[in-house]
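The structure appears right after this line, and notes come after that.
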Amino acid sequence: MENSLNDELFCSLKNELREVNAQIDVHSEKLMDLLDQKKELSSN
């Protein structure tokens, strides 16, 4: 019984982590874009 509960918890944690990772990737990409824009502006 306890094992299946742990497995369920582990699975849901893994899913949450996957979602958080995806969000971080999106935000990182946006940040990189902003940094690129800033570099272009300051080099002009």
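What's counted below: heavy atoms across the whole structure, side chains too, no hydrogens, waters or symmetry copies.
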> Does Leu34 reach the side chain of Gln37, with side-chain heavy atoms less than 4.5 Å apart?
Replying inline: yes

>> Using 0.5 Å steps for rounding, measure from the SG atom of Cys11 to the CG atom of Asn6.
In response: 11.0 Å

> So, Asn21 versus Arg18: side-chain donor-acceptor pair below 3.5 Å or not?
Replying inline: no

> How far does NZ of Lys14 sit from CG of Asp7, to the nearest 0.5 angstrom?
Replying inline: 9.5 Å

>> Within this structure, what is the CG-CD1 distance for the pair Leu17 and Ile24, rounded to the nearest 0.5 Å?
In response: 9.0 Å

> If you measure from CD on Glu19 to CD on Glu16, what distance do you get to the nearest 0.5 Å?
Replying inline: 7.0 Å

>> To the nearest 0.5 Å, what is the distance between CG on Leu41 and CG on Asp36?
In response: 11.0 Å

